[in-house]
Every structure is written in structure tokens, then in C-alpha cells.
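Have a look at the structure below before the remarks.
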Amino acid sequence: MKVLIQLKSDMSLKLSEQERFRREALKELLDLGIDPYPAEKFDVNVTAKEILKRFPEDNSLFQEVSIAGRIMGRRIMGSASFAELQDSTDRIQLYFNRDEICPGEDKTFYNTVFKRLLDIGDIIGVKGHVFVTRMGEITIHVKEYKILCKSLRPLPVVKEKDGQVYDAFKDAEQRYRQRYLDLIVNPEIRDTFRQRARMIQSMRDFLLSKDYLEVETPVLQPIYGGAAARPFKTFHNTLDTTLYLRIANELYLKRLIVGGYDGVFEFAKDFRNEGMSRFHNPEFTQMELYVAYKDYEWMMELVEEMVEKITLDLHGTTEVKVGENIINFKRPWKRFTMYEAIEHFTGVNISDMDEDQMRKTAKELGVETNTTMGRGKIIDEIFGEKCEAQLIQPTFITDYPIEMSPLAKKHRSAPGLVERFEAICNGKEICNSFSELNDPIDQRARFEEQLELGRRGDPEAMILDEDFLRSIEHGMPPTAGLGIGIDRLAMIMTNSNSIQDVLFFPQMRPEKTSSVEGQDNKEFSDAGIPGEWITILQHAGYTTAALLKEANPNKVFNQLCGLRKKQKLDIPAPKPEEVKSWIENM
RNA sequence: GACUUGGUAGCUCAGCUGGUAGAGCACAUCCCUUUUAAGGAUGGGGUCCUGGGUUCGAGCCCCAGCCAAGUCACCA
């Protein structure tokens, strides 16, 4: 028991006052014989949302409810109290009456347990009936309650009245690092992720209804491919081999088309070792789809149909508000070839220009180029600078320069182009698709061009995948392929300004851990310092042996006594000569 | 990677020309006892991001660093 108390006081040095109060409350609960973390289930027969929705229509309902959730607010006034209970669906008010919670003489369970030992953030289960208070609020009249989990840290308290939010918890860093807090106190965040899940469900339903097969392909790949990007590198010990986290699954899905499936798709986490921004996270989700005997024209129709359906499923209309704009996904979407789009936004027709003329035009348009850029790259640059951001309504851009698209089939009629399209929406690409290149000779030549780029130092150049080539040498039917950015689409569908808002745990730089934690205490204990004082010394700033060795013994002694008093520690004060001997022994 | 802005109590934020760290919420002890971002009284709570520098004196000024956000560049 003594050890326990010491442990506790050591721990409490690092705790804030509010955390210490909660740990003390926990102890009192245990002393009262109440288990703050019971093992048995608590049966729930209703949600807050259901009550709030249906009770106004029929006051005879919900006369025996059992519901559980987190306490988000309390208003205590002696023998009667109100609390707010938040479950996964909504918040509902609870009414507690002392003499009903404690019908007998002993009022402990109300006076002590409810009023003093419970806190905002604790999770409880209650049973009772629903009524309406004098203030007109739907409320559960609690007959009994049970502590399901004691919370040891204070929650950010966000309050709201008439749509006005007070003390909103909105610091992006804390919200992303401690997403659980964000989800607890900002319930609209929970809805964003529900919408994301429904969006994926809707897409999956659509694809399954077409009888395409949902598949899984390797994340760990010996040769990464299918996109232009730098990979994450890792190592497999048993195979003694370098492996890469996939940047795309394209080449594997095409192998499955070679294998005889007509349609395969995968919701794939891809990993790209590149910059981060509000549009880029190192890991992101892409849905890739490959359908045999189809081409990119057909795929455009499918994308329109699918995204329109998703929008209807999510919003009941084809219109979505995104920032300042209303985006309408109703079919058909606008279509431009890349040349047409450039002509539309700049007034210049560049389709027949050679590289020199084009470079000159780019300069006139204020688009920067350099000598390493070929004709295709310049076109892409002009488009990116002058057109993409202006495409707010969903628009297909078709027929890309061949240089940028080593896996796409050459255009059936326009030389120098490939059969490729991207859908642009809200100024950003949301998907990328082409008639897949199935000519193995051409594919090998395109890979070799990529190898040449790699030799010239392009870190994103593709690697030649010999097994993939072998597979399409066996023959891949004409195939349409699609990659659609799930995070990007989720941003639009949920009106989110950054990708971090549609990922539960966006990548962040690791948090710096406290230097006191995990210290090697051996040198301290070797000098004869009792364990309970080591943490206190470290708390006082003497985190290493060297620091303590340099210190003035009198000052250290005073600091320790000061801390002992301040933290109300239940250990005897050290003697000055003891402190002196510790320091001498260091 | 570059530039801009920010980092102060558990949360949201003030903090003057550099002069003993503040408010609201939360927390503790009371009062009130069907309230509702409850109200009232009292109280406790701080590594002012970190490390240097200037100064008699730094939350504030200077330098370096860490973390985040925004903008730009590359990528979806």
C-alpha cells in the first residue's frame, strides 16, 4: 500500500490540479465500493436522436429507457440536478432528483457520487423515463444511473446557444493529434466521417451492382509502379529484400484483367513520399477500376453516372455547396479536349504548334518553362497555370500529351496524344482515366523512355516492370482504367477545406515527448537518492546527473521542500545533509 | 523547400512603451435548489514552446531552433 501511495505521488507531480482531483475522486469511488470501470455490459434500448425525434410526436413513448453516453455538462442545484448526456447520435438532458436516486436515508449516491465524484467527460448509463421540463426541453428523468467509465482528464468545454458556439475547440494541431477530442466536442466532425463512409459505400454499391469484382492487391511491392511518384522504402528481413509501399495498384489490377476478370476494382491506400499540403497526405485512398473491352469514352459515362449517384445518395440532390460555390454533378458534364480548354481560357489555339512556338506562347501567357521541358510538358504547364483552377463545375479534360502518360494508349486519331481524361472539379483533379495501353511492344518502349528520364535524374520516373510486361505479352483485352481520389472527392462531398479534415489521423510531425519521461534513473539511485525524490528532482529541473552534480545543495534542498509543500506530498522532507550527500555521490 | 502568421492556466483568449502573469469557461469550497452557453461568493491552478543574447529587469526586443496554420512550389 505504501508503494502505491508513493507511486501515486510520483505520478501526480506531472499532473495538473484538475487531473489530481479526478484521480482522488476515482480513489473515493473505489473506497465506496464502486467500480469505476465495470466489466459487464450495459444494455441500451434507445438513442438520444430517436428520443428527440419521436417524443414530440407521441408523449407516451420512451417511458422505460436505458441509455449510455458521456456527461458533457452539469447544472447542480442541491436536491435536483441536470446533466447533458452525449451518445453517438446526439445530446439529451438528464434530470436527477436526490430522493429518487436515493430513496432511503443514505444519500451518498447522489450527494457524494453524483455531485462530487462525477465529472464532465465521465461515461454513465442511466435508466428512466422521458418528459418535458418547464423550460420545454425533452429530458430523461433518471431513476438509476451507473458509472461505466471514470475520465481522468478534463475535456475542452464547448458551449453553444442559438447556434452561437463559445470557446470552440478549433486549434487544428490539437484537433488532428487528438482526434478523439475533436470527435467528442465537435459533433459535426463525426458527421463528416459518416458522410465519407457513406460516400465509399455508395461507390462500392454502384460498382458491385455492375458485377465488378472487389479485389485486394499487395501494398508491399518489390517494384513500385503505376504512377509517377517517389515511394516509401522498407525492408523484408526473411526475404532479405527491399520492398516499397505501393504508389498505385494499377499494374496489379491489369494483371487481373489479363487473368480473365472483366471488371476489377480496389479501394486502395497508396503511399507517396512527397510534400504535404491541404491537398496531399503521404497516405491517401484511391479507388482504381479496370473494365475489359471498354475505352475511355465509356469510362467518362461511368464516372458521370457514378458520381451523380453518390451525390444523390449523400445529399438528395445533384448540387453540393463547396466553399463559395455550388457544384452541380448532374449529367452530362462539360467536356473539353486539353487543347480546347487552353483555347477557351487563353484564346490561343496551340494544337498545331511545334515545341519552339509553344515555348514562345507560354512565355507570352506568363507561364514559366525551362529547356528540359518537352512539348507535352509545356502543354501540361499551360493547362495547369491557366485552366485547372478555373474549372469549378465538374469538367472532363480529354486527350493528353503522350509524354506524360506512359501507361495510356495512343489516341486513335490525334497523333502525339493519348486517350486519357481527367475530371476536374472545384479547381482540382478528382480522377484520372485512360484507354489502357495493351500493346506490349509499345509499352516496353514507353517504359524505356521512362528509364531514360530516370537516368537523367527525374526521381519520379517509372521503373520497368518486367513481370507486368510479361503479363501483357500474353494479351490484355482493350481495357478502360480509372483512378479516383477518394479523399479529394470526400473533401468536395463534405465541403471540407483540407484533406486533413477528411482523414481521421492525418500525418503530422511526431509530437516532442517530455524529456523527463523515460529518463535513465540509475545514476540517481546509485547516488543513494530514494526513488520518490528522483522524479521530484527531475521535476525541479535536474533531469540529468550532470545537472544535479553542478547544483548548489542548499538551493536543491529548498526547491525540494518547496515542491513537497506545493504538491502536498505525503512523504517526509529530506534533511539538508542528505541532499548534500546525494549531490556529492553523483 | 520558401515566405507570412501564431504558440501564455485543462479549453478559448487578453496582456500597454520592457517594470511583481490576467479574464471567461472548466476545477475546488459554499449559497441558491426545475436549470439550460444557469446565477452569486470565495479560492486554487502557469516551464508565458525551447535555447541563447541585449538589459538593472524580458511573456514582450534580437538571434537560433521546435511545432502548427495559411500562401506558394512539386505530387493525387
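Protein chains get the first letters and strands the later ones, always in sequence-line order, with residue 1 at the start of each. Since the structure is predicted, the reported quantities are computational estimates derived from the model, not experimental observations.
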N/O (side chain, A/Gln174) to phosphate O (OP1/OP2, B/rC11) under 4.0 Å: yes
Does any donor-acceptor pair link the side chain of A/Ser81 with the base of B/rU35 at a separation under 3.5 Å? no
Between the protein and nucleotides 38-40 of chain B, which nitrogen or oxygen pairs are less than 3.5 angstrom apart?
| unit_1 | atom_1 | unit_2 | atom_2 | d |
| --- | --- | --- | --- | --- |
| B/rA38 | OP1 | A/Lys159 | NZ | 2.1 |
| B/rA38 | OP2 | A/Arg75 | NH1 | 3.1 |
| B/rA38 | N6 | A/Ile76 | O | 3.2 |

Just how far, in rounded Å, is C1' of B/rA28 from CZ of A/Arg23? 18 Å
Check: A/Ile140 and A/Val65 side chains under 4.5 Å, non-hydrogen atoms: yes
Just N and O in the side chain of A/Arg509: are any of them under 4.0 Å from OP1 or OP2 of B/rC66? no
Option passing side chain to side chain donor-acceptor pair (under 3.5 Å) with A/Asn249 (candidates A/Gln286, A/Gln221, A/Glu266): A/Glu266
Please name the nucleotide paired to B/rA28 by Watson-Crick or G-U wobble geometry with both distances under 3.5 Å, or report none. B/rU42
Between A/Tyr224 and A/Asp465, a side-chain donor and acceptor under 3.5 Å: no
What is the distance from CZ of A/Phe131 to P of B/rU34, rounded to the nearest Å? 12 Å
Which one of A/Arg175, A/Arg177, A/Lys170, A/Arg190 satisfies the salt bridge (charged side-chain N to carboxylate O under 4.0 Å, His left out) criterion with A/Asp182? A/Arg175
Of all the choices, B/rA69, B/rU35, B/rA26, which nucleotide is nearest to the side chain of A/Ile120 once you look at every atom? B/rA26
B/rU34 pairs with which nucleotide, Watson-Crick or G-U wobble, both distances below 3.5 Å? none
Return no unless some side-chain N or O of A/Arg278 is found under 4.0 Å from OP1 or OP2 of B/rU71. yes
Taking A/Glu288 for the side chain and A/Ala248 for the main chain, is one N or O donor matched with an acceptor at less than 3.5 Å? no
At less than 3.5 Å, do the side-chain atoms of A/Glu137 and the base atoms of B/rU35 form a donor-acceptor pair? no
Could you please name the option among B/rU12, B/rC67, B/rA28 that lies closest to any side-chain atom of A/Asp119? B/rA28
A/Pro156 side chain near A/Leu181 side chain, heavy-atom distance below 4.5 Å: yes
What is the distance, rounded to the nearest whole Å, between atom CD of A/Gln18 and atom P of B/rG43? 18 Å
Between B/rA68, B/rG10, B/rA28, which nucleotide has the shortest distance from any of its atoms to the side chain of A/Phe21? B/rA28
B/rC67 to B/rU50 separation - C1' atoms, rounded to the nearest Å: 11 Å
Rounded to whole angstrom units, what separation is found between the CZ atom of A/Phe271 and the P atom of B/rC75? 21 Å
Centroid separation under 6.0 Å, is that true for the rings of A/Phe109 and A/Tyr145? yes
Quick one: is A/Arg177 getting a side-chain N or O under 4.0 Å of the B/rA68 phosphate, OP1 or OP2? yes
Would you say A/Arg22 reaches B/rC27's phosphate, i.e. side-chain N/O to OP1/OP2 under 4.0 Å? no
Rounded to whole Å, the CE-C1' distance (A/Met508 to B/rG7) equals 13 Å
A/Glu274, nearest nucleotide to its side chain (from B/rG45, B/rA26, B/rA76): B/rA76
Whole angstroms only, please: what is the CG-C1' distance between A/Asp122 and B/rA26? 14 Å
Can you check whether A/Lys377 has a side-chain N or O nearer than 4.0 Å to OP1 or OP2 of B/rC74? no
Rounded to the Å, how far apart are A/Gln507 CD and B/rA68 C1'? 15 Å
Face-to-face stacking of A/Phe284 with B/rA76, centres under 5.5 angstrom, angle under 30°: yes
Starting from P on B/rC75, measure out to CD1 on A/Ile424 and report it in whole angstrom. 13 Å
Cation-pi check for A/Phe504 against A/Arg196: NZ or CZ below 6.0 Å from the six-membered ring centre and within 45 degrees of the axis, yes or no? no
